[in-house]
Number of protein chains: 2
Amino acid sequence: MFLGTYRHSVDAKGRVAIPARFREQLPTGTVISKGAEGCLQLYPPQEWAGEQGLRLGSTTPAEERRLARMMFGAARECEFDGQGRIVLSADQRQYAGITNVAWIVGVNNLIEIWNDEQWRRIGEATPEEYTRIQDQVVERRRAQRT
Amino acid sequence: MFLGTYRHSVDAKGRVAIPARFREQLPTGTVISKGAEGCLQLYPPQEWAGEQGLRLGSTTPAEERRLARMMFGAARECEFDGQGRIVLSADQRQYAGITNVAWIVGVNNLIEIWNDEQWRRIGEATPEEYTRIQDQVVERRRAQRT
DNA sequence: CACAAAGTGGGGAAAAGTGGGGAGTGTGAG
DNA sequence: CTCACACTCCCCACTTTTCCCCACTTTGTG
């Protein structure tokens, strides 16, 4: 389970440290790819395996073909250096709009990496916003039970 | 079952002692997150488990993605030091408006942490307010049943 | 009143994060 | 074919943060 938000710097070489708490839960075989809303996502092996349902075949709908190409085409296996950092490629940094700072966020089953501005919009929610969002979860749960 | 209100100090390192009565009911795996109305909440593992249904994947709808990011990004697993204290991150203290003092309140199934000012507003309710609030709940329940 | 338990505060070792140098590898131009 | 350049890793050094430990104060209890 990945929890919490960490603000780390990205150096001139595109390196960013993954929080130690996360790293110790990430075995080799972890994959980084592009995610929705312009973030990058780190999939632990078992989560990545869950995405294997997305396949190309003669019966695959057009949108799924497109999604599959983007997801898998952008994916790479994570490689940590001695200090627990990974290198974000120029392409990945451009996609996520990351320059000097990255926010690394644990989202339960996977990890997301955001640029400064976009994450602030999500993470710095006021108590009022937060309350509203939480009520939505409650509401949704109730709807699902029925 | 968590009951009672405790006023504890928060030191320069952001540490706050959790009352011993509460602590002995909190196994490892307890999670602290942001709560409604600007408080912080401690979820014992069995309570937190209810929130776990929310997962990210290529088929997760947009509003769920947002919820998951906020909820899990704001959460952290509690780690007690030898004196039974937890560290409130700078982010959590800012959200809850906590500086030197925190009120730790047992609310049946979970624990809340409030700043001085906000808690006084809730805790020092007059008999009249108390009655009015109780009637509101009764009214709401009645409306829902129909 | 004495003892035990709970809460508070601070110092220091260890861990985590940051930045940069330099060797090794591969590519492309001359 | 050779050299220059770029890029990737690996390693080292420094800074910052975390957390572990000790000691003191306060509260509660027999």
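Letters A, B, ... are given to chains in the order of the sequence lines, protein chains preceding strands, and every chain is numbered from 1.
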Inset, instruction - Just call it for R23(A): base, sugar-phosphate, or nothing, with non-hydrogen atoms closer than 4.0 Å on any strand. - result: sugar-phosphate
Inset, instruction - Please determine, for the side chain of R21(A), which listed nucleotide (dT18(D), dG11(C), dT18(C)) has the closest atom? - result: dT18(D)
Legend entry - Side-chain donor/acceptor of R85(A) to base of dG19(C), under 3.5 Å: yes
Inset, instruction - Start with the C-alpha gap between L26(A) and F2(A), add the side-chain angles, then the distance that decides, and say whether side chain to side chain contact (heavy atoms under 4.5 Å, CB included) holds. - result: CA-CA 10 Å; L26(A) 292 173; F2(A) 302 101; 3.8 Å; yes
Legend entry - Parallel, tilted or perpendicular: ring planes of W119(B) versus W114(B), cut at 30 and 60 degrees: tilted
Legend entry - Donor-acceptor pair under 3.5 Å, R15(B) side chain vs dG10(C) base: yes
Inset, instruction - Under 4.0 Å between any heavy atoms, over every strand shown, what does I86(B) touch: base, sugar-phosphate, or nothing? Just pick one. - result: nothing
Inset, instruction - Tell me what I104(B) touches on the nucleic acid: a base, only sugar-phosphate, or nothing, going by heavy atoms under 4.0 Å. - result: nothing
Legend entry - Sidechain-backbone polar pair: Q25(B) side chain, F22(B) backbone, donor-acceptor under 3.5 Å: no
Inset, instruction - Could you tell me whether the phosphate oxygens of dG17(C), OP1 or OP2, come under 4.0 Å of any side-chain nitrogen or oxygen in S9(A)? - result: no
Legend entry - Atom-pair distance (CG on N100(A); C1' on dG17(C)), nearest Å: 16 Å
Inset, instruction - May I ask you to decide if C78(B)'s main-chain N or O and T30(B)'s side chain share a donor-acceptor pair within less than 3.5 Å? - result: no
Inset, instruction - Would you classify Q83(A) as touching base, sugar-phosphate or nothing, given that sugar-phosphate means primed atoms plus P, OP1 and OP2, and contacts are heavy atoms under 4.0 Å? - result: base
Legend entry - Most 5' of D81(A) and R76(B) on DNA chain D, judged by nearest nucleotide: D81(A)
